[in-house]
Amino acid sequence: MSYFSYRQGRLHAEQVDLIQVAEEFGTPAYVYSRAALIDNYQAYAQALAGTDHLVCYAVKANSNLAVLGVLATAGAGFDIVSIGELKRVLAAGGSADKTVFSGVGKQAYEIEQALEAGIHCFNVESEAELRLINQIAERHATRAPISLRINPDVDPKSHPYISTGLKENKFGIDIGEAERVYAEAAALPFIEIIGVDCHIGSQLTSLSPFVDALERVLKLIDRLAARDIVVRHLDLGGGLGVTYRDETPPPVKQYVGALLERLAGRDLTLILEPGRSIAANAGVLLTRVAYIKENGGRKFAIVDAAMNDMIRPALYDAWLDIQPVDTGGRHPEGVYDVVGPVCETGDFLGTQRSLAIAAGDILCVHGAGAYGFSMSSNYNSRPRAAEIMVDGEHLHLVRARESLEDLMRGEQLLTEPGT
Ligand code: LLP
């Protein structure tokens with residue numbers, strides 16, 4: 001089901017006309033569908049029903065409090081990579097004991113605060129981190145629950161910047177070293193081994209890399225069991241892709257089914273950390289065409305959203321569908337590069353798009369709910385966009401557009417010497 005669909009030629013989010021949203025809140029603006037978030041989460045929860053599981057939404061994909069709140073209420077756990085993300089989860093009503101802490105560079109203060117909050121598990125990425133967690137847990141007279149993030153050396157066949165499970169990536173612990181490091185962990189008095197973790201990359205569109213990784217990790221679990229190191233859960237990370245254009249990722253049910261088939265007969269809780277497959281198609285970015293111009297025979301639609309609002313096209317060469325919100329404009333069709341106001345040639349949302357548009361029109365960038373706002377910045381001193389959540393016929397402003405004053409908050413001029 002699409003939560004963004006045309007009615008009488010105008011794009012709606014659930015029951016709400018997106019032209020109305022642009023008029024009320026201005027552009028650029030991110031718009032999320034609550035129903036889409038819930039249904040995307042439920043796809044995982046239903047596929048896993050009857051099995052011990054925890055779906056830990058990857059907060060980095062979209063960390064708006066309202067998004068986290070909707071998912072927490074639906075029953076989600078969370079995957080965090082910083083203490084800032086944990087603060088958000090807690091502020092949104094999520095619980096630390098359903099939250100796993102991933103990331104290759106956890107700082108001592110972050111480990112300390114996560115331990116105090118009662119984090120479900122630290123996904124440990126190096127021996128040095130393991131020892132630090134042991135020391136901090138000792139100071140707190142407790143045992144820290146951990147899994148080791150294993151790097152299984154599997155090629156996810158995704159963009160190189162979002163592939164994480166290859167030997168040469170910075171992530172995880174080489175699968176060849178894993179038994180030795182687990183044995184070390186087992187000997188540390190303030191560490192409690194509870195799981196094995198692995199995440200191989202993002203926007204995967206086929207099952208085989210997941211299955212390869214799973215099989216390698218299951219063999220490791222067996223080798224550990226032979227050494228009396230028994231884990232309670234297997235965390236397979238996130239990574240399931242979505243359709244932005246013509247990609248055909250397996251549906252969640254098929255993906256989860258393939259995993260469960262290989263887990264049959266094992267007493268393991270399955271943890272997954274989906275981000276994109278929950279949030280991407282639950283959100284769009286609205287932007288207004290400021291100018292149309294032509295240079296060297298190339299037509300440009302200059303819009304008010306830029307790479308600071310949505311960096312994926314510039315950073316990963318990502319293709320996002322761009323369509324007019326109102327198709328009733330009857331403008332002549334042209335082939336446009338849709339570009340923003342930022343002073344970089346890489347500042348584009350899409351190139352060579354056939355669009356029937358004119359200045360003043362509102363465009364919709366689809367598939368923008370994940371890694372959109374959460375990767376946005378103030379580059380070129382641009383306030384970050386508003387975020388709006390649609391719920392049926394209701395609209396909620398869930399993050400106000402930043403003001404110009406917000407841009408300089410915390411900064412100050414040098415005081416004159418001697419004053
Ligand atoms: N777990 C871990 C440990 C991760 O590193 C990630 C994503 C996830 C879960 C969630 O993966 P997902 O289900 O969303 O694929 N900014 C990039 C994507 C970076 C993904 C980083 N890690 C993009 O816009 O394509």
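In what follows, every heavy atom counts, from backbone to side chain, and hydrogens, waters and symmetry copies are set aside. Counting convention: from 1, in listed order, for ligands and their atoms alike. Residue indices begin at 1 and follow the sequence shown.
No cation-pi contact links K106 to F122, judged by a cut-off of 6.0 Å to the six-membered ring centre and 45° from its axis.
Atoms of ligand 1 lying under 4.0 Å from at least one heavy atom of R149, given by number and element, are 3 (C). Applying the 4.0 Å criterion to heavy atoms of Y316 picks out, from ligand 1, the atoms 16 (N), 17 (C), 23 (C), 24 (O), 25 (O). Set against the non-hydrogen atoms of P274, the atoms of ligand 1 under 4.0 Å away are 13 (O). Taking a cut-off of under 4.0 Å to the non-hydrogen atoms of D79, the atoms of ligand 1 that pass are 1 (N), 2 (C), 9 (C). Which parts of ligand 1 touch G239 is read off a 4.0 Å heavy-atom cut-off, strictly below it: atoms 11 (O), 12 (P), 13 (O), 15 (O). Each of the following atoms of ligand 1 lies closer than 4.0 Å to a heavy atom of A58: 8 (C), 9 (C), 10 (C).
Checking Y6 against Q323 by side-chain atom types alone, no donor-acceptor pair falls below 3.5 Å. Inspection of the S147 and N123 side chains reveals an N or O donor paired with an N or O acceptor under 3.5 Å.
If you check each of R276, E273, Q203 against atom 9 (C) of ligand 1, the one with the closest non-hydrogen atom is E273. Around atom 24 (O) of ligand 1, the closest heavy atom drawn from M375, K60, R312 belongs to R312.
One distance of note links OH of Y30 with CG of N64; it measures 12.0 Å at 0.5 Å rounding.
For D222, the CG atom sits in a packed shell: over 12 heavy atoms of surrounding residues, nucleotides or ligands are nearer than 6.0 Å. In this structure, N380 places its CG atom where more than 12 heavy-atom neighbours from other residues, nucleotides or ligands lie under 6.0 Å away.
Note: an N/O pair closer than 3.5 Å links S202 and ligand 1 by distance alone. An N or O contact shorter than 3.5 Å links G275 to ligand 1 by distance.
Considering all non-hydrogen atoms of both residues, T287 and L349 come closest at CG2-CD1, 4.5 Å.
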